[in-house]
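Here is the structure we will look at, set down as C-alpha cells.
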Amino acid sequence: MSDATLPKGYEPADVEARWGKHWEDNQTFRADPQAVLEGGREPYSIVIPPPNVTGALHMGHALNLTLQDILCRFMRQQGKSVLWVPGTDHAGIATQNVVERQLKKEGKKRDDLGREKFIERVWEWKKEYGDRILNQIRRMGASVDWTAERFTLDEGLSKAVREVFVRLYGEGLIYKGNYIVNWCNRCHTALADDEVEHAPRKGKLYQIRYPLADGSGELVVATTRPETMLGDVAVAVHPEDPRYAQAVGKMVTLPLVGKEIPVIADAYVDMEFGTGALKITPAHDMNDWALARTHNLPVIAVIDDKGLMNENAPSAYQGLSKSACRDKVVEDLTALGLLADIAEHDHSVGECYRCKSVIEPHVSEQWFVKVAPLAKAAREAVPGQTRIVPAQWEKTYFEWLDNIRDWCISRQIWWGHRIPAWTCQACGELIVQTEDPADLKTGCPKCGGELAQEDDVLDTWFSSALWPFSTLGWPEDTDKLKAFYPTSVLVTGFDILFFWVARMMMMGIHFEKQVPFRDVYIHALVRDEQGKKMSKSTGNVIDPLEMIAKYGTDSLRFTLTAFAAMGRDIKLSEKRIEGYRHFVNKIWNSARFALMNMPEDGGAPGVSLEDACVSAPLANRWILHRLEELKDEVESATLEYRFNDIAQSLYRFIWNEFCDWFVEMAKGDLYGEDAAARDATRRVLLTVLSETMVLLHPVMPFVTQEIWSVLPGVADKELALQPYPERRPQLKSSQAARDMAFFQGVVGATRTIRTELTIDPAKKLSLIIDTADAAPGAQAVLTDNVHLIRQLARIDGADMGPGRTGPRASGTAVVEGSRIFVPLKGVVDFGAEVARLDKELGKLDKQLTALRGKLSAPGFANNAPADIVAAENEKLAGLEDAKAKLAALQERLKSALDEEA
RNA sequence: GGGCGGAUAGCUCAGCUGGCAGAGCAUCGGCCUUACAAGCCGGAGGUCACAGGUUCGAGCCCUGUUCCGCCUACCA
C-alpha cells in the first residue's frame, strides 16, 4: 500500500509527466482487435484528425483532443474495446514551404538540390521536427494507441493512395486534362477550389474604351484587372441590352494590342453592373473560361506560371510582373485617352489558404477526380448511415456536395505522393498502375520504350480522405480493419467539413462499401475573449502548452469541456482556465481530507457499503442518492455529446454537494466517538470519492489517476481501465432528497439571519423551531441532525418541536411550513430584522401575485394537466402559509420593539 | 445573392420534448471555522433584442423587424 497521504498542493507537472509515461510504457491504451473478433467485445474506434507535421498544438487541437479523449476513456469504462488512432499528415505545400525557407537561409533553392535530394532533405526535417505535435498531443493526456500511429506518407498509406488512384482511374473517375485552375504563384502549384479563401480587398474598377473596328463608336468595358486585357478575346454584352444590340457581331479593336476581337451576346452578362459590357479573358478568369468554351473562343494566356507577362503580350509588356504591367497598361491607356474612369471598388479576392498570396486562375494540364458519382453516395448516406451532430451541419454538408465541382488533385510540388502514372517517351502511351515500372524493370507495354513518371504529386487531402481505412491497414484486409471499421465517430471542427469529412465519406463508401464513421460530431471553434478567431498575426493566441505549464492539463481540459456547448463557438480567456484550476485544487483537497480520515492502518474502512447503509444518517443517504443520479447524468450526457453538461454535473456534485454539504456533515461522525458510525461514514466517503474519480476521469485524467492510486483498498491502480461505477438503484431515495432540502433550508435560513443582521460569526445563537405544520418526517430530520445544525449554523441551544415559539424579539423565517426563531435579545439591535422581513415579504408577494394570476386565469384549471394544477395549488398554499406566518412574526417583533422603546 | 447561428445578470454562457429564469466569473458584506484563503458563509443583480401571433400558460413554438457573427457564391 502506498503512502496514503497527499501533498498539500496539487503539482500537475510532476503528476502529468509520471502518468503520461506510465500509460505509454505500459501500452495501457493499446487496442486489441481480437477482443472484438473473437472476444465478442463491442468495438469503439476513432481516428484522430491528423494534424500537419509542421504544426504546433493550438487551442483547436486541445479542444478536439479533449473531446475525443473523453469519449474514448468513457467507452473503455463501458467495456468497449477502444482504438484511438493517432498520426500526422504530410501537409504537402506547408511542409515543402518550411524546408524551402530553410534552404533559402543557406542561399539555396529546391532546384539546386534536385527532386531526390530535396525530398531526402524534407524527410530529415520530418525526422527532426515531425514529432513535435505528437509530443504535444501526449501532454494533453490523450489516450491514443501509440502503437497504431500513422503518417500519411508512410509506406502503408502510400500503398493505399496508389491503390485508390489506380482504381479510380480505371473506373474513369480520375482524368487528366488542360483546364483553368486556381494557381498560387508563390507556392507554384494548382489548388483545389476549397483551398482558395476569399477575402475582401479594396480595389479599383477601371473603365476602358474599346473602339468599334468600323469606326461607328466604342464599347466601354469595366474591369478590376486591366492588365488582363492583353489576353482579351472578345467583349460580351447581354443579348437583350438595347444599348449594345447593334454592336453584337461587330468587331472591336483591342487597345494596346491592336487586334480585332468580336462582340458577342450572352445572358451571363449582368446589364446592371458597370457598363454592361464585359471583356473576356479566358486564360485568366474562371467565368471567362466558361464563356469562351460555349462560344468557341480562343484562349490566350498572357501571364505565366510565375506571375510574369509572357510572350503573348505585346513586347512592351513582356517580362513585367502583373502589378507593374497593370501600372503600365493604365498609364498607356490614359495617354491614349482610352481610360474612361477609375473608381474605388471593394471586391473579394481569392487567396491561397497556405500562404495568403493572390490566386491566379491559370490554364494548365492537371489531374482531376470526377466527384459527382462519389458525392451522390456521400450525400445519401446522411443521416441514415452517418449522423451529423449537431444536425444543423447537415445542410452545410448537403449544400457543398450538391454544388461540388471536379476536384483538382495534382500539385506542382515535390513533397507528397507522386502520381502513379507514366508516359512512354517513345509512343506517348499513358500507364497508370500501382507498381513502379522501374521496380518491375519493364518499359512501355506497347512499344517497350522508356517511361517517365508524372512530376506532380497528389493533393494532401487525397491521402487524408483515405485516413479512416488506410490507417487500419487497407488495402490489406487486416484484423484491425475488420474489427474497427467503420469507426464510431469523427470529432472535428466545421472548418474542415468540406476539405476532409465529405471526402472521407466519398472514399470510404466507394472503397469499403461502408461509411467511414457512424457519427460526425462537429464541435465549436475556439475564439479569443472578443470572439475573434485566434491567429498569430492578430496576436490573440492563447497557447495551450503555456496554459498547461501554468495551470495543468486537467484545468485546461475541464475548461474546454465546460464551454463545449453544442453549436456555439467558445470564447476562451486565460481567466477561465485559472478559475477551473481552483476546481482541480478543490478536488485534490477533498481527497486529502478523505485520506486523512481513513483508518490509521492504511486499509479500507472495515464496513461494507451495504452495512454502512443500514440506518444511515441523512448525509450518507443523501449523497449516495445524488451519486446514483450523477452516474445517470454523466452517462447520458456523454452518450449524447453534451460535453458541457458532463462538466457541469460533476462540478456541481463535487463542489456544491460533496464538499460543501456532505463533507461538512460527515465530520461529526468522522471525528466522533461512535466507532460504528465513523466506519460507516468512512465507507460512504471513500465510495463517493472513488466513484467520483472514475466518473471524472475522462475529463480530468491526471488528477483523478493520482488520487485513485493512493486510495485505500484499491486493487487495480490503473484508473483508466476501471469499469463505469455499478448502479445501486436501491440507494436512490427521493425521501433523502426531500429531507436534505429541508435540512439545508433550515441551516440556510439561520445563516442568512446571522449574516444579514451582521451578527459576529463567533457569537453562538440559539434556535427554536416550530414544526407544527411541517411535513411528515421533518421533525425527525431535525431531531436526528440537531448536532449538525448546531455545527453548520453555529448554534448553541436548539429547541425543536410542534408548537414551540421563540421570543418576540427573534430573527425569523419560514421553511416548508416550519417557523424558525433566532432569539436576538442581547445579541444585536434587532430593529434591522423588521426591515429584512419586509424584504422577504416583498419577495413572497411578488411570487404570490404571479401565481394567483396564473391560477385565476380563465381556462387554466380546465385546460392545464391535472398534475400541474395540483402542483401550482400546493405551491400557492405553501406561499400563502409562509407569508401569513412571516407577517405575524413581524408583528410580534414590532410589538417587542415598541415595548423596548 | 444564398445559407446558418446568436441576442438571457456587469462579463462569459446554460436553460432537453412549453409549466416558479440558472451557473461560473466579477461585485458587495462577513469570516485565517483543525481538507482547501486556489478557501468558507451570506447578499445584491434579469421588461430573456424589438413587435405581433398560437396557447390556460412562451426564454422556449410561429411570423415579421433590428443588430451582431460565421459559412458560401462567377457581378467583371
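Residue numbers start from 1 in every chain, and the chains themselves are labelled A, B, ... in the order their sequence lines are given, proteins ahead of strands.
Every residue was checked against the ring-ring contact (aromatic ring centres under 6.0 Å, His included) condition with A:H238, not counting sequence neighbours, and none meets it. Residues forming a salt bridge (Lys or Arg N to Asp or Glu O under 4.0 Å) with A:E11 (at least two apart in sequence, or on another chain): none. The side chain to side chain contact (heavy atoms under 4.5 Å, CB included) search around A:A340 returns A:Q207, A:R209, A:V220, not counting sequence neighbours. By the side chain to side chain donor-acceptor pair (under 3.5 Å) test, A:K586 is found to be paired with no residue, residues two or more places apart in sequence or in another chain being considered. Residues satisfying the side chain to side chain contact (heavy atoms under 4.5 Å, CB included) test with A:D669, not counting sequence neighbours, are A:P617, A:A677, A:T681. With sequence neighbours excluded, no residue satisfies ring-ring contact (aromatic ring centres under 6.0 Å, His included) with A:Y206. For A:R682, the salt bridge (Lys or Arg N to Asp or Glu O under 4.0 Å) partners are A:E600, A:D679, not counting sequence neighbours. Every salt bridge (Lys or Arg N to Asp or Glu O under 4.0 Å) that A:R326 has, sequence neighbours left out, goes to A:E227.
Within 4.0 Å (heavy atoms only), A:R652 reaches no atom of the nucleic acid at all. Note on A:V221: nothing from the nucleic acid sits closer than 4.0 angstrom, heavy atoms only. Among the heavy atoms of the strands lying under 4.0 Å from A:K395 are primed sugar atoms or P, OP1, OP2 only; no base atom is included. At a threshold of 4.0 angstrom between heavy atoms, the contacts of A:G276 include nucleobase atoms, whether or not backbone atoms are also involved. Across all strands, A:K8 comes closer than 4.0 Å only to sugar-phosphate atoms, never to a base (heavy-atom distances). Among the atoms of the strands shown, only primed sugar atoms or phosphate atoms (P, OP1, OP2) are found under 4.0 Å from some heavy atom of A:A857. Looking at heavy-atom distances under 4.0 Å, A:E664 makes contact with a base. Looking at heavy-atom distances under 4.0 Å, A:F583 makes no contact with the nucleic acid at all. Using a 4.0 Å heavy-atom cutoff across all strands shown, A:Y10 reaches no nucleic acid atom at all.
A gap of 47 Å separates the C1' atoms of B:C70 and B:G30, to the nearest Å. The same atom, P, is picked in B:C62 and in B:C4; the two are 13 Å apart, to the nearest Å.
Of the candidates B:G19, B:G30, B:A76, the closest approach to any side-chain atom of A:D270 belongs to B:A76. Listed nucleotides: B:G19, B:C36, B:G5. Nearest to the side chain of A:Q392: B:G5. Set against B:C74, B:A38, B:G24, the side chain of A:H582 has B:A38 as its closest nucleotide. In this structure, the nucleotide among B:U33, B:G30, B:C25 sitting nearest to the side chain of A:R794 is B:U33. Nearest nucleotide to the A:R592 side chain, out of B:C36, B:C56, B:C25: B:C36. If you check B:C20, B:A38, B:A35 against the side chain of A:Q847, the one that comes closest is B:C20.
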Candidate pair A:Y179 and A:D406, rule side-chain hydrogen bond (donor to acceptor under 3.5 Å, both in side chains), full reasoning:
CA-CA 11 Å; A:Y179 294 93; A:D406 283 357; over 6 Å; no
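Both key distances under 3.5 Å define a Watson-Crick or G-U pair, and stretches of 3 or more such consecutive pairs in RNA chain B run B:1-7 with B:66-72, B:10-13 with B:22-25, B:27-31 with B:39-43, B:49-53 with B:61-65.
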Atom pairs, N/O to N/O, protein against nucleotides 40-46 of chain B, distance under 3.5 Å?
residue : atom : partner : partner atom : Å
B:C40   : OP1  : A:K586  : NZ           : 2.8
B:C40   : OP1  : A:W655  : NE1          : 2.7
B:C41   : O3'  : A:R751  : NH1          : 3.4
B:G42   : O3'  : A:T752  : OG1          : 3.3

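Taking every heavy atom of residues 222-234 of chain A and every atom of RNA chain B, pairs under 4.0 Å involve A:A222, A:T223, A:T224, by number.
Between A:Y580 and A:Y651, the ring-plane angle classifies as perpendicular under the 30° and 60° cut-offs. Ring-plane geometry between A:F593 and A:Y671 is classed as perpendicular, the angle between the planes exceeding 60 degrees on a 0 to 90 degree scale with a lower cut at 30.
Listed by first then second residue, pairs satisfying side-chain hydrogen bond (donor to acceptor under 3.5 Å, both in side chains) with a partner in residues 855-868 of chain A number zero, not counting sequence neighbours.
The side chain of A:Y580 contributes no N or O atom lying less than 4.0 Å from OP1 or OP2 of B:U12.
Taking the charged nitrogens against the carboxylate oxygens, A:K843 and A:E840 do have a contact shorter than 4.0 Å, which makes a salt bridge.
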